[in-house]
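Notes follow the structure.
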Amino acid sequence: MFPQFLAQDADTVARALLGCHIVRLLDDGCAVGCADEHATGRVAGHAAERIVVRIVETEAYDQLDPASHTFHGKSERNRAMFGPAGHAYIYFTYGMHYCLNVTAATEGFGAGALIRAVEPVAGVEIIEQRRGRKGVDCVNGPAKLCKALDIDKSLYGHDLRLPPPSLEQAELRSGERIEVTPRIGISKATERQRRFVIAGNPYLSRR
DNA sequence: GACCAGATATGCT
DNA sequence: GCATATCTGGTCT
C-alpha cells in the first residue's frame with residue numbers, strides 16, 4: 001500500500017519512511033505467468049525481475065533549513081520539492097552521483113526526505129551485479145542505493161505511487177527502534193537532529 | 001581513519 | 001566566472 005503520511009512535515013515523513021519498501025520492477029522480457037516466482041524476487045532459470053529494498057536511514061530537509069536545496073527558494077533544479085508530496089526529487093552531485101529524495105508537505109512548500117541507506121529484501125543478485133561488490137557496501141549510502149536501483153535524472157519528479165520505482169508502506173520489525181542524530185555530509189545547520197535511522201541496522205551509512 | 005581525486009550542474013557574485 | 005556540492009572509491013598510514 002502507498003504510504004498515506006507523505007503530506008506532512010519533512011521530519012514526520014523522514015521518520016515514517018523507515019521500514020517502508022522501494023519496489024523496482026525490471027523489464028527482462030519475461031512472459032506472463034511467473035508472477036509467484038517474481039513475488040519473491042527470485043525466478044528459476046533467469047535473474048530476478050524485481051528489486052525490493054527497505055529504507056533504514058533518512059534525513060529531513062525543508063525550505064526553512066539552511067542545509068536544504070530549497071532554502072533559497074524554487075529553481076529549475078529543485079522544483080520537484082515544491083510539488084505534491086510522494087514524488088521523486090533526484091539531484092546530481094559531485095559530477096557523478098545521483099541521490100533520491102521523497103517529497104513531503106503540501107504543494108508550494110519545498111520539503112522532502114533524503115533516502116540515505118536501504119536494506120536489500122529481494123533481487124540481491126541484481127544489486128550486487130550493478131554495484132560490482134557484495135554485502136552492505138552495495139546500498140549503505142545515498143548515491144550507492146541510486147546506482148543499485150538504477151535511479152537517475154530520468155525519474156526526476158516521478159510519482160512514487162506508480163512503478164517503477166514505487167513506494168510501499170511497511171511496519172518496523174518487532175524490537176526495532178528509531179534513533180535521531182545530526183545529519184551527515186552537510187556544511188550548514190549541522191547541529192539539527194534531522195537524521196532518522198533504525199538503530200543498529202547493519203546497512204546504515206557511515207561517515 | 002585520513003586524505004584525495006574524480007567531473008559537472010548549479011547558484012551566487 | 002567561480003566556488004561549492006545531501007558523495008564514492010581508492011590509496012596510504
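Between the P atom of B/dA9 and the CD1 atom of A/I90 lies a distance of 16 Å, rounded to the nearest Å. In this structure, A/Y91 atom OH and B/dA7 atom P are separated by 20 Å, rounded to whole Å. Between the P atom of C/dC7 and the CG atom of A/D137 lies a distance of 16 Å, rounded to the nearest Å. For A/N101 and C/dA5, the CG to P distance is 16 Å, given to the nearest whole Å. A/M96 places its CE atom 12 Å from the P atom of C/dG10, with the value rounded to the nearest Å. One interatomic measurement links the two molecules: CG of A/L145 to C1' of C/dG9, which rounds to 16 Å at whole-angstrom precision. Rounded to whole Å, the distance from OH on A/Y98 to P on B/dA9 is 9 Å. Spacing between atom CG of A/N78 and atom C1' of C/dA5 amounts to 14 Å, rounded to whole angstrom units.
For the pair A/R183 and A/F196, the NZ or CZ position fails the cation-pi test of under 6.0 Å to the six-membered ring centre and within 45 degrees of the ring normal.
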Original post:
Under the side-chain contact (heavy atoms from CB on, under 4.5 Å) criterion, do A/Y156 and A/R79 qualify, and how do the steps go?
Top reply: CA-CA 10 Å; A/Y156 186 94; A/R79 64 188 155 76; 3.8 Å; yes

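Nearer the 5' end of DNA chain C, as judged by each residue's closest nucleotide, is the contact made by A/L100, out of A/R133 and A/L100. Across the interface with DNA chain C, nearest-nucleotide mapping of A/N140 and A/K188 shows A/K188 to be the residue nearer the 5′ end.
Taking side-chain N and O atoms only, A/K147 has no distance below 4.0 Å to OP1 or OP2 of C/dC7. Between A/S75 and B/dG11 there is a side-chain N or O to OP1 or OP2 distance below 4.0 Å. Remark: A/S187 is in phosphate contact with C/dA5, judged by side-chain N or O atoms under 4.0 Å from OP1 or OP2. Side-chain N/O atoms of A/R131 include one lying less than 4.0 angstrom from OP1 or OP2 on C/dG9. A/K74 has no side-chain polar atom (N or O) that falls below the 4.0 Å cut-off from OP1 or OP2 of B/dT10.
In the set B/dT10, B/dG6, C/dA5, B/dT10 carries the atom at the smallest distance from any side-chain atom of A/K153. With B/dG6, B/dA9, C/dG9 as the candidates, the nucleotide lying closest to the side chain of A/Y94 is B/dG6. Checking C/dC7, C/dG9, B/dC12 against the side-chain heavy atoms of A/K144 singles out C/dG9 as nearest. Checking C/dC7, B/dT10, C/dG9 against the side-chain heavy atoms of A/R77 singles out B/dT10 as nearest. Comparing B/dC12, C/dC7, B/dT8 by their nearest atom to the side chain of A/F92 picks out B/dT8. Nearest nucleotide to the A/R116 side chain, out of C/dC7, B/dT10, B/dG11: C/dC7.
Rounded to the nearest 0.5 angstrom, A/R24 CZ and A/D150 CG are separated by 5.0 Å. Separation of atoms OG (A/S166) and CD1 (A/I22) is listed at 9.5 Å; rounding is to 0.5 Å. Put simply, SG on A/C146 and CG on A/D152 are 9.0 Å apart, with the number rounded to the nearest 0.5 Å.
Among the heavy atoms of the strands lying under 4.0 Å from A/I186 are primed sugar atoms or P, OP1, OP2 only; no base atom is included.
Checked against A/C138 for a side-chain contact (heavy atoms from CB on, under 4.5 Å), the options A/L145, A/V53, A/I127, A/V118 give a single hit: A/I127.
Using the Watson-Crick or G-U wobble rule with both distances under 3.5 Å, B/dC4 pairs with C/dG9.
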